[in-house]
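Structure, as structure tokens:
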Amino acid sequence: MSDVVKRQRRDRTHWLYLGVIVAVIAGILVGWLAPEFGQDVAPLGTIFINMIKMMIAPVIFCTIVLGIGSVRSAANVGKVGGLALGYFLVMSTVALGIGLVVGNLLEPGSGMNIAKTANQGSKLADQAHAAGGTWEFIQSIIPTTLASSLTSGSVLQALFIALLVGFALQAMGTAGEPILRGVASLQKLVFRILSMILWLAPIGAFGAIANVVGKTGLDAVKQLALLMIAFYLTCLVFIFGVLGVLLWAVSRVSIFKLVRYLAREYLLILGTSSSESALPRLIAKMEHLGVERTTVGVVVPTGYSFNLDGTAIYLTMASLFIADAMGKPLNIGEQVGLLVFMIVASKGAAGVTGAGLATLAGGLQSHRPELLDGVGLIVGIDRFMSEARALTNFSGNAVATVLVGTWTKTIDMEWVHSVLDRKLPFDETTMIDDEHGEPTPQEPGAVDMVKA
């Protein structure tokens with residue numbers, strides 16, 4: 001075994017994620033014992049999330065430009081995108097169905113009689129409508145300038161411009177190679193900066209957790225325990241039951257090994273309640289896993305906007321919970337109509353703060369206005385539910401990348417199993433991986449070692 005592999009296994013980043021766990025526990029205690037102070041440190045979590053968000057557009061741009069610019073056939077990219085979007089639509093429908101079944105079986109809101117709950121729903125509905133309708137959403141994908149796509153904070157704008165640049169470089173042929181090398185160097189710089197930012201994760205996690213516990217208190221969490229437990233269990237069933245079975249049936253890959261491989265990303269999401277914080281790492285890890293850069297560059301960023309399985313389950317169960325808690329249950333026809341509307345609307349509310357709550361409120365206002373005030377009940381625990389939401393969305397995108405890679409034959413399955421069996425550890429120092437399936441200059445004989 002090479003010295004490089006040994007150094008990778010002795011990397012210090014495990015201390016970072018232990019720090020995240022300690023920070024979350026400390027945040028809970030501080031928020032509980034000193035709620036005012038817990039709310040005062042809320043900016044720590046906001047600052048960390050903002051630092052992560054500022055890196056997402058550059059990561060997506062570099063990854064997609066390098067992936068598309070280096071392939072010879074544009075049809076390959078179109079095939080990957082088409083399969084991905086079709087898969088996202090099917091899985092969102094499945095997630096909706098699971099949420100409907102569990103919500104109707106458990107009826108966690110029955111008997112609560114909260115018809116006079118404070119009306120926070122109207123404010124959130126206004127946020128959802130501020131996101132605009134379908135045409136406004138489509139228009140928002142087109143940036144004002146090429147540069148603004150990297151500064152506006154819109155994932156879809158960065159994706160759109162990266163696709164244009166990638167196809168343009170592809171059409172340029174050898175004349176575009178110097179630009180591709182420049183983008184490759186920029187990508188290494190971007191990932192190096194991101195690695196530095198991630199060392200602030202414990203501070204961000206502490207601030208975020210202390211704030212939410214300081215605001216809601218432990219009693220507020222206990223009051224809605226049934227809904228939270230039901231939602232978490234539903235997400236687990238979806239990840240290990242639906243996604244796990246599909247992953248094994250199509251790719252012969254164990255969902256348990258994939259989850260273990262992405263364990264540090266799960267901890268990061270758990271601490272920040274945002275799957276965006278792990279998006280750059282998911283791109284890097286999927287490339288290291290053996291999926292071609294083009295496939296990763298198309299599936300992962302698109303999935304973060306369109307493959308929202310956890311959000312689908314959340315919208316389903318939250319709607320049923322509010323209706324039951326207010327003594328005004330939804331019939332099956334109303335459930336289907338309302339929730340299909342919410343899934344479509346969630347795409348337009350992707351850039352709204354608290355998009356899950358905003359979409360929930362907007363949908364209720366459009367279909368059952370008398371239920372709108374019940375959204376105020378969800379506000380207190382939305383932070384805790386957003387963790388399961390983010391973890392499920394993240395898992396869905398990781399599985400989708402492997403599945404689409406299998407269907408398009410843009411994945412090295414021998415390399416995948418070697419990585420998941422821990423024979424080829426991920427390089428945490430740069431989050432950059434070279435060509436898959438071939439030994440890098442720093443790791444001579446790596447593939448021979450694996451095959452042996």
Side-chain angles (χ1 to χ4, degrees), residues 13 51-71 77 80-81 84 88 149-150 153-163 165-166 180 183-198 258-259 261-266 268-269 272 274-307 390-391 393-405 408 410-412 415-416 419-420 424-436:
T13 55
M51 293 180 72
I52 292 291
K53 286 183 177 179
M54 77 179 184
M55 302 302 299
I56 291 177
V59 167
I60 290 175
F61 178 82
C62 293
T63 301
I64 295 178
V65 169
L66 288 175
I68 297 177
S70 59
V71 299
V77 178
V80 169
F88 296 157
S149 65
L150 300 179
S154 170
V155 171
L156 290 180
Q157 285 188 7
L159 176 63
F160 176 72
I161 293 301
L163 287 170
V165 174
L180 282 175
V183 175
S185 298
L186 178 61
Q187 185 189 49
K188 292 183 179 180
L189 173 63
V190 168
F191 275 105
R192 177 62 69 181
I193 295 173
L194 186 62
S195 296
M196 296 164 60
I197 292 175
L198 288 178
L258 183 63
V259 168
Y261 174 64
L262 299 172
R264 291 180 173 181
E265 287 67 43
Y266 284 116
L268 183 60
I269 294 171
T272 61
S274 172
S275 59
E276 286 188 345
S277 61
L279 187 152
R281 289 185 58 87
L282 178 61
I283 290 175
K285 279 206 161 181
M286 288 295 101
E287 288 185 15
H288 175 74
L289 185 62
V291 185
E292 287 186 8
R293 180 171 288 163
T294 305
T295 301
V296 175
V298 172
V299 175
V300 174
T302 306
Y304 261 69
S305 291
F306 292 97
N307 189 32
L391 290 170
N393 291 341
F394 179 83
S395 301
N397 288 316
V399 171
T401 306
V402 177
L403 292 177
V404 174
T408 58
T410 55
I411 186 172
D412 185 337
W415 186 276
V416 169
V419 170
L420 294 182
L424 291 171
F426 179 69
D427 185 356
E428 295 284 352
T429 60
T430 60
M431 293 195 301
I432 287 287
D433 188 52
D434 293 320
E435 295 299 324
H436 308 301

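For the numbers below, each heavy atom of this structure counts, side chains included, while hydrogens, waters and symmetry mates do not.
- Using cut-offs of 30° and 60° for the angle between ring planes, the Y261 and F426 rings count as perpendicular.
- At least one donor-acceptor pair closer than 3.5 Å links the side chain of H288 to the backbone N or O of L424.
- With a 4.5 Å cut-off on side-chain heavy atoms, T408 and E292 do not count as touching.
- No side-chain donor-acceptor contact under 3.5 Å links W415 to the backbone of V291.
- Closest heavy-atom contact between A162 and V65: O-CG2, 3.7 Å.
- Among all heavy-atom pairs drawn from A398 and L282, the shortest one is CB-CD1, 4.0 Å.
- Proximity of L289 to I411: side-chain heavy atoms (C-beta onward) are nowhere separated by under 4.5 Å.
- The two residues A84 and V299 make their nearest non-hydrogen contact at CB-CG2, 4.2 Å.
- Taking the side chain as every heavy atom from C-beta outward, V80 and V404 approach each other to under 4.5 Å.
- Between A400 and N307, the shortest heavy-atom distance links the atoms CB-ND2, 4.2 Å.
- In this structure, CG in L262 is found 11.0 Å from CG in L391, a value given to the nearest 0.5 Å.
- Remark: K285 NZ to T401 OG1 distance equals 13.5 Å, nearest 0.5 Å.
- The ring pair (Phe, Tyr, Trp, His ring centres under 6.0 Å) search around F394 returns Y266, not counting sequence neighbours.
- To the nearest 0.5 Å, atom OH of residue Y304 and atom CG of residue N397 are 6.0 Å apart.
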